[in-house]
K.L.:
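Sharing a structure with you now.
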Number of protein chains: 2
Amino acid sequence: MRTLTKRQREILDFILETIEKYGRFPSYREIGAHFGLTSPATVSQHLEALAAKGALHRRGRHYSPAEAVRRDQGIPVLGRVAAGSPITAVENIEERIQWNRLGGEHCFAVRVLGNSMVDEGIREGDLAIVEPCDEVRNGELIVAYVGEDQEATVKRYHRSRDVIELRPANRAYRPMRFSTADPHLRLAGRVVAILRRF
Amino acid sequence: MRTLTKRQREILDFILETIEKYGRFPSYREIGAHFGLTSPATVSQHLEALAAKGALHRRGRHYSPAEAVRRDQGIPVLGRVAAGSPITAVENIEERIQWNRLGGEHCFAVRVLGNSMVDEGIREGDLAIVEPCDEVRNGELIVAYVGEDQEATVKRYHRSRDVIELRPANRAYRPMRFSTADPHLRLAGRVVAILRRF
DNA sequence: GTTCCCGTCGAACGATCCTTCGATATTGTG
DNA sequence: CACAATATCGAAGGATCGTTCGACGGGAAC
């Protein structure tokens, strides 16, 4: 993508903002009004320039932001960095973290309390990202609301005939046992990711 | 937001998909064509219904998706769950993880190799999310490209007068030392988050 | 100093858009 | 059974949209 002029950058930013806020492409006249341009022809030329430089794609009468300029496409995961190249060069990109995929439609997160899972590298304050589900396989990492308080707990799930066991990953803690129908155990779902922010 | 009919749900999904893909709201005729509807009037009625139920907002002649249905608004972080309430009830929401904020404009991620940071709960395969910067404070968690290979490394940064030390969090490893001008040490940036996917 | 790119204007045209109106069929609720 | 909500059609009118054309000025490059 060739470099944009200051004006083009401004206009591109305005377009991206409008899409983020309102979920639609601004009309030429809207763009014009925002920058004090009275003629749609002026805007038209800017959009053509943006398309020529690869910042926008054109399909019929419609423009859409090129992938490279979108802000919601997740962040790149860099692999080995080619010698001498700038770190963020495109050839180093392994994949992209798709935030939207990570936390699907109904996902939510809970904050981890205590350190019963430290041996698996899950620490107090971490966020467990949970995909709600009613059934999980043995050995899976899950979140459940347990006890009178219905406090959120991250554990490994193990079920035998009539006992459900929630196992910690810390020798100092003991597994929690529940009968399969115990109302004090409410399964929230499967942990699909752990996030720790600094 | 009142419950949507199956048809309304389908149409809303199509709208959200179009916005995600092309960054613009689909026209009535596009929506119609996608579902085999020949009259824009039909689509108009559906959109009105969606707006009446709060799934879309209307501003003049334009619609935009309500916050509640947007897929890019981050996922909720649940705190203590009020007794007897459904787990995902709104009153339990502590905050929201704003993916877009988490990985700012120029952020990227690198995969963690080896287990030199296990004592801080950072394990092989985790993704370190990096905010590029040229200067960091002592003690901060950073990512640097080191050695001939320029391999990405996560460590704690400590700088004295003329030595930069990258400290692991694992007794089995030793700190790496560099002179302040060593070209074999290239600082990538500060670690703002750790992400582990399952 | 001429040439080129960038940014701008205004007017007019045709394409596309959303809305409105009247009409029909199905489904579920009271 | 009657009534409301849902789901659809087709036609027509008026609003809005993007496009095109011709023109102007400033700055940078040659």
Side-chain angles (χ1 to χ4, degrees), chain A residues 1-70, chain B residues 1-70:
Chain A
M1 198 184 76
R2 276 186 286 156
T3 1
L4 306 180
T5 66
K6 189 183 158 201
R7 199 51 156 173
Q8 287 163 0
R9 184 80 245 172
E10 284 172 1
I11 290 176
L12 178 59
D13 283 339
F14 176 70
I15 292 169
L16 296 177
E17 271 171 39
T18 304
I19 293 174
E20 267 179 40
K21 261 196 227 160
Y22 303 117
R24 62 183 178 76
F25 210 94
S27 75
Y28 287 27
R29 287 166 180 84
E30 275 179 311
I31 299 172
H34 185 264
F35 292 102
L37 307 175
T38 60
S39 171
T42 306
V43 179
S44 177
Q45 288 203 20
H46 281 300
L47 296 204
E48 275 170 19
L50 284 168
K53 293 189 176 178
L56 297 179
H57 287 152
R58 178 160 211 172
R59 204 183 329 267
R61 298 178 14 127
H62 302 296
Y63 290 96
S64 57
E67 289 225 343
V69 303
R70 306 247 331 235
Chain B
M1 198 184 75
R2 276 186 286 156
T3 4
L4 305 180
T5 66
K6 190 184 157 201
R7 200 49 154 175
Q8 287 163 1
R9 183 82 246 170
E10 284 172 2
I11 290 177
L12 178 59
D13 283 340
F14 176 70
I15 292 169
L16 296 177
E17 270 170 38
T18 305
I19 293 173
E20 268 179 38
K21 259 194 230 160
Y22 304 118
R24 62 184 177 76
F25 210 94
S27 76
Y28 287 26
R29 285 162 184 84
E30 275 178 310
I31 299 173
H34 185 264
F35 292 102
L37 306 176
T38 59
S39 172
T42 305
V43 179
S44 178
Q45 288 202 21
H46 281 299
L47 297 204
E48 275 170 18
L50 285 168
K53 293 189 176 177
L56 297 179
H57 287 151
R58 176 160 212 173
R59 206 183 326 269
R61 302 182 4 133
H62 302 298
Y63 291 95
S64 56
E67 289 225 341
V69 303
R70 306 248 330 236

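Sequence lines set the chain letters: A, B, ... in the order given, protein chains first and strands last, and positions in each chain run from 1.
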K.L.:
So how far is it from B:S27 OG to A:H62 NE2, rounded to the nearest 0.5 Å?
P.N.:
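The OG atom of B:S27 sits 6.0 Å away from the NE2 atom of A:H62.
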K.L.:
Let me confirm one number: the CD1-CZ distance from B:I15 to B:F25, rounded to the nearest 0.5 Å.
P.N.:
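Answer rounded to 0.5 Å: 4.0 Å.
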K.L.:
Would you mind classifying the nucleic acid contact of B:R7 as base, sugar-phosphate or nothing, using non-hydrogen atoms under 4.0 angstrom?
P.N.:
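Contact class for B:R7: sugar-phosphate only.
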K.L.:
Measure the CD1-NZ distance between B:I19 and B:K21 for me, rounded to the nearest 0.5 Å.
P.N.:
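The CD1 atom of B:I19 sits 12.5 Å away from the NZ atom of B:K21.
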K.L.:
How long is the straight-line distance from CG of B:L12 back to OG1 of B:T5, given to the nearest 0.5 Å?
P.N.:
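The distance works out to 10.5 Å.
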K.L.:
Just do the side chain to side chain contact (heavy atoms under 4.5 Å, CB included) check on A:E30 and A:R24 with the steps written out, would you?
P.N.:
CA-CA 12 Å; A:E30 275 179 311; A:R24 62 183 178 76; 3.1 Å; yes
K.L.:
Where does the angle between the aromatic ring planes of A:Y28 and A:Y63 fall among parallel (under 30°), tilted (30 to 60°) and perpendicular (over 60°)?
P.N.:
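A:Y28 and A:Y63: tilted rings.
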K.L.:
NA contact type, A:L47, heavy-atom cut-off 4.0 Å: base, sugar-phosphate, or nothing?
P.N.:
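No contact.
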K.L.:
Quick check on DNA chain D: between B:K6 and A:F25, whose nearest nucleotide comes earlier from the 5' end?
P.N.:
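First, find each residue's nearest nucleotide; the 5'-ward one identifies B:K6.
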K.L.:
Mind checking B:G60 for me? I need base, sugar-phosphate or nothing, with any heavy atom below 4.0 Å counting as a touch.
P.N.:
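Nothing, no heavy atom under 4.0 Å.
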K.L.:
By nearest nucleotide on DNA chain D, pick out whichever of B:H46 and B:R29 is the more 5' one.
P.N.:
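Looking at DNA chain D, the more 5' nearest nucleotide goes with B:H46.
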K.L.:
So where does chain B start and stop touching DNA chain D, 5' to 3', when the test is distance under 4.0 Å to a non-hydrogen atom?
P.N.:
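That gives a stretch of D:dT6 to D:dT16.
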K.L.:
Quick one: pull up NE2 in B:H46 and CG in B:L37 and give me the separation to the nearest 0.5 Å.
P.N.:
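Reported to 0.5 Å precision, the distance equals 6.0 Å.
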K.L.:
In whole angstrom, give the distance that lies between atom CD1 of A:I31 and atom C1' of C:dC9.
P.N.:
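Result: 17 Å.
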K.L.:
Just to be sure I understand the rule, does B:T42 reach a base, reach only the sugar-phosphate, or reach nothing, if contact means heavy atoms closer than 4.0 Å?
P.N.:
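The residue B:T42 makes base contact.
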K.L.:
Take nucleotides 20-30 of chain C nucleotide by nucleotide from the 5' end and write B, S or -, depending on whether a protein heavy atom sits under 4.0 Å from the base, only from the sugar-phosphate, or from neither.
P.N.:
BB---------
K.L.:
In whole angstrom, what separates A:R9's CZ from C:dG7's P?
P.N.:
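Nearest whole value for this atom pair: 14 Å.
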K.L.:
For the side chain of A:T5, starting at C-beta, report the closest nucleotide among C:dC9, C:dC6, C:dC17.
P.N.:
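Shortest atom-to-atom distance from the side chain points to C:dC6.
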K.L.:
For A:R61 and C:dT16, give me the distance from atom CZ to atom C1', rounded to whole Å.
P.N.:
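Rounded to the whole Å, the gap is 5 Å.
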K.L.:
Considering the options A:E10, A:Q8, A:R9, which one meets the side-chain contact (heavy atoms from CB on, under 4.5 Å) requirement together with A:K6?
P.N.:
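Of the listed residues A:E10, A:Q8, A:R9, the side-chain contact (heavy atoms from CB on, under 4.5 Å) partner of A:K6 is A:E10.
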K.L.:
Kindly compute the distance separating CG (B:L4) from CD1 (B:I11), expressed to the nearest 0.5 Å.
P.N.:
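Rounded to the nearest 0.5 Å, the CG-CD1 separation comes to 10.5 Å.
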K.L.:
Expressed as a whole number of angstroms, how long is the span from A:R24:CZ to C:dT16:P?
P.N.:
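So the CZ-P distance, A:R24 to C:dT16, works out to 20 Å.
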